[in-house]
S.K.: 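Below: one structure in structure tokens.
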There are 2 protein chains.
Amino acid sequence: MATLMDVAKRANVSKMTVSRVINHPDMVTNELKQLVYQAMQELDYHPNLIAKALVNNSTRIVKLCILEDIDTTEPYYMNLMVGIAKTLDLHQYSLQLVTRRNFDIGNCDGYIITGMRKGDLDWIKKLDKPVIMFGENRYGLDYVDTNNKAGTYRMAKLVLERGYKHLVYIGIDSKESFEYSREAGFIQQVQENQMIPELYRFENHSHLGEEFITKHWDEIEPNTAFICASDRLAMGIERGIARCGGSIPNDYGVTGFDGVFLSQVASPKITTVKQSIIEMGSACGENLLDKINSKSAQGNLIFEPKISMGGTLRK
Amino acid sequence: MATLMDVAKRANVSKMTVSRVINHPDMVTNELKQLVYQAMQELDYHPNLIAKALVNNSTRIVKLCILEDIDTTEPYYMNLMVGIAKTLDLHQYSLQLVTRRNFDIGNCDGYIITGMRKGDLDWIKKLDKPVIMFGENRYGLDYVDTNNKAGTYRMAKLVLERGYKHLVYIGIDSKESFEYSREAGFIQQVQENQMIPELYRFENHSHLGEEFITKHWDEIEPNTAFICASDRLAMGIERGIARCGGSIPNDYGVTGFDGVFLSQVASPKITTVKQSIIEMGSACGENLLDKINSKSAQGNLIFEPKISMGGTLRK
DNA sequence: AATAAAACTGTTATCGGTAACATTTATGTA
DNA sequence: TACATAAATGTTACCGATAACAGTTTTATT
């Protein structure tokens, strides 16, 4: 690999001039700049980022902290990582995946944190490197997320347009911000239509949705649609209805939230609020790098979700 | 952060002695070693890996190249990454996730490659850094994988023990090595029982399994078990049977392969050949690091799969 | 006790860059 | 023309570690 020195020699200038051409090009005459550019090209010069990191006292590492239990986690984290990695690679940063346990091993230049709980607020606020959260929070930490409220709000609207007369919300039984937002979107849409909201909450497991349906099947009238807070729950609801002999989408509608993987393998495919996780991951990375290089960059980035059409709502 | 120099001063020795205590402790007297250890502890010294990397001309980065299209990929890659990251973190290496496109951006010390196709052999052989493949191959590249053949062999055996009289193998329609191995395991078990193997192959999508069942339902006798090459296909088969009114596990058995995510969300849960991907990922990382530090380490690492009991086989 | 060999510790140069200061060259003004 | 000032380039020291060599102390041998 060619070094600064090699380029300098070939261009007949000092190392410093080459360094300047790269970092402060306006301080070098065009004449020399040309020489240097040419030498760089001829030698296929690429700066050594390790050396750079040493002088800057940086690591070029960004840690992605997944605070939830990864074993049981939704596959969408994969997409998140791909999105983040894409951006970081572009800027020659690398991504280190850490969990609660190995969180503080090794240094880094910044953090992306997801799956935070209330108790984590303390140590997160104490971090002395830039941080961005993935997933909305109400503690004032900058975050990237889908517009959760708009997602359920619009989905509920669509469901009504398709003629379903009863709407039931199946939520996730957790106190996280995103869940409140999704509920709020549903409630607002329902109330705007002079209906009374009906909500249930379960842990995020498909079989709980399935059980709910089979247990209460005789109380569930046809023409009901279930707006679920996750594809997992939607999948369970769908299966429950199928098992009880209900007809989807004619008599019953089901919608999910996520659109990463499960909605695709269900049958029929689930109509869902699709988050573009890869894109959000990229934005997350971009935002963090801006912070690291102290280009302002603060506040939240909120992505508008799209509705992905499956076969669980009638035309 | 304390540096070598700080430690040296406090211990009243030279930088070099401190460095030796860390890297060649047998060249230093116990007396000095004690002093240095104490100083290191008092100052909470951690070596600066960037500086180390600079002298060693290394990057402390390992690239994970996922050559398949990640968007549509199985969630088990997530587990793979977690496993790899776990090991790498322990050794203070970091993982860079790359795809076909951004493959050669930036330097690294070694590669873990998965999802390789035949056409990739050329450039992979040309890489000048240690490489380990995830997933078996027959080109002589070192790999880590599950014992695919043993997986289906043992699963077929179990199915026979449970009294199913007809075995049907549902494979993945691809020319990859792992698929051949899984087929071979099935065929061997069946032949050992003087039965004639029956195989079908589809692309790895659940709905194709479902279609197959619904189309051929009247030809399928009760007491048949389907040994599938993936949980995805198994899920489709299961759904097809349910839709046609067949009873699982009493009249029909279904088994999968993977055991990472889908087998859990299916209903009933799929009895499947479970690969411990996290563990395999760790081994993959360990192996690569050994290669990087040229501690021999060659050959393949083959993990024995376990059968994970779900509800798709009768007792 | 004198001297060679072995064991230990310190000094210097280096990895590939960059900041701060020093020097040279160009430009403007009286 | 002389001198102050600005602009362009070069020198040196440093980031935090390590290898290679130099110097010192200890131990062994005669």
Side-chain angles (χ1 to χ4, degrees), chain A residues 1-40 43-61 91-94 106-109 292-294, chain B residues 1-40 43-61 91-94 106-109 292-294:
Chain A
M1 284 285 266
T3 72
L4 251 197
M5 196 60 203
D6 299 332
V7 176
K9 275 184 185 152
R10 175 174 279 247
N12 271 314
V13 295
S14 70
K15 287 202 305 182
M16 209 51 222
T17 302
V18 180
S19 173
R20 282 200 190 95
V21 169
I22 296 168
N23 301 301
H24 313 282
D26 46 327
M27 300 181 71
V28 181
T29 45
N30 285 326
E31 203 178 357
L32 285 191
K33 242 184 292 193
Q34 277 322 109
L35 282 175
V36 171
Y37 281 137
Q38 195 178 336
M40 294 202 311
L43 296 172
D44 189 30
Y45 170 76
H46 292 279
N48 181 324
L49 296 169
I50 293 284
K52 220 174 224 180
L54 182 59
V55 289
N56 297 335
N57 193 25
S58 77
T59 62
R60 297 196 88 84
I61 290 175
H91 296 82
Q92 310 262 286
Y93 272 73
S94 75
N107 241 308
C108 70
D109 293 347
I292 290 174
N293 302 311
S294 56
Chain B
M1 283 285 268
T3 72
L4 251 195
M5 195 59 204
D6 300 331
V7 176
K9 275 183 185 153
R10 174 174 279 247
N12 271 315
V13 296
S14 71
K15 286 200 306 180
M16 210 50 224
T17 302
V18 180
S19 174
R20 283 201 189 94
V21 170
I22 296 168
N23 301 302
H24 313 283
D26 46 327
M27 301 182 70
V28 181
T29 42
N30 284 326
E31 203 178 356
L32 284 191
K33 242 186 294 196
Q34 278 322 111
L35 283 175
V36 171
Y37 280 137
Q38 196 178 336
M40 294 202 311
L43 296 172
D44 189 29
Y45 171 75
H46 292 278
N48 181 324
L49 297 169
I50 292 284
K52 223 175 223 180
L54 183 59
V55 289
N56 297 335
N57 193 23
S58 77
T59 61
R60 297 196 89 82
I61 291 175
H91 295 81
Q92 310 264 288
Y93 272 74
S94 75
N107 241 307
C108 70
D109 294 346
I292 289 174
N293 302 311
S294 56

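Chain identifiers are assigned alphabetically (A, B, ...) following the order of the sequence lines, protein sequences preceding nucleic acid strands; residue numbering begins at 1 within each chain. If you're wondering where the values come from, they're calculated on a predicted model, not measured in any experiment.
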S.K.: Got a sec, which residues hit side chain to side chain donor-acceptor pair (under 3.5 Å) with A:Thr29, two or more places apart in sequence or on another chain?
M.R.: none
S.K.: Going by heavy atoms in the side chains, are B:Leu43 and B:Arg10 under 4.5 Å from each other?
M.R.: yes
S.K.: Name every donor-acceptor pair, under 3.5 Å, that has one atom in a side chain of residues 30-40 of chain B and the other anywhere in the protein, sequence neighbours excluded.
M.R.:
unit_1	atom_1	unit_2	atom_2	d
B:Lys33	NZ	B:Pro25	O	3.0
B:Gln38	NE2	B:Glu42	OE2	3.0

S.K.: Report, as a single string ordered 5' to 3', how protein heavy atoms within less than 4.0 Å touch nucleotides 9-19 of chain D: B base, S sugar-phosphate only, - not at all.
M.R.: BBB---BBBBB
S.K.: Filter on salt bridge (Lys or Arg N to Asp or Glu O under 4.0 Å), then keep only pairs touching residues 14-27 of chain A, sequence neighbours left out; what's left?
M.R.: none
S.K.: Locate the shortest heavy-atom distance separating A:Asn293 from A:Tyr93; write the atom from each residue and the value.
M.R.: OD1-OH, 4.1 Å
S.K.: Based on the rotation axes of five pairs at each end, what angle does the helix from C:dA1-D:dT30 to C:dA30-D:dT1 bend through, to 10°?
M.R.: 50°
S.K.: What's the shortest heavy-atom distance between A:Ile22 and A:Tyr45, and which atoms?
M.R.: CD1-CE2, 3.8 Å
S.K.: Begin from the C-alpha positions of B:Asn48 and B:Thr3 and carry the test side chain to side chain contact (heavy atoms under 4.5 Å, CB included) through to its verdict.
M.R.: CA-CA 8 Å; B:Asn48 181 324; B:Thr3 72; over 6 Å; no
S.K.: How would you summarise protein contacts on nucleotides 23-28 of chain D per nucleotide, using B for base, S for sugar-phosphate only and - for none, with heavy-atom distances below 4.0 Å?
M.R.: ------
S.K.: Calculate the interatomic distance between B:Asn30 atom CG and C:dC8 atom C1'; express it in whole Å.
M.R.: 12 Å
S.K.: Donor-acceptor pairs are to be reported for all side-chain atoms of residues 49-61 of chain A against protein atoms at under 3.5 Å, with residues two or more places apart or in another chain.
M.R.:
unit_1	atom_1	unit_2	atom_2	d
A:Asn56	ND2	A:Lys52	O	3.2
A:Thr59	OG1	A:Ile61	N	3.1
A:Thr59	OG1	A:Asp109	N	3.3
A:Thr59	OG1	A:Asp109	OD1	2.8
A:Arg60	NE	A:Gln92	O	3.0
A:Arg60	NH2	A:His91	O	3.0

S.K.: Can you measure from OG (A:Ser14) to NZ (A:Lys9) and round to the nearest 0.5 angstrom?
M.R.: 13.0 Å
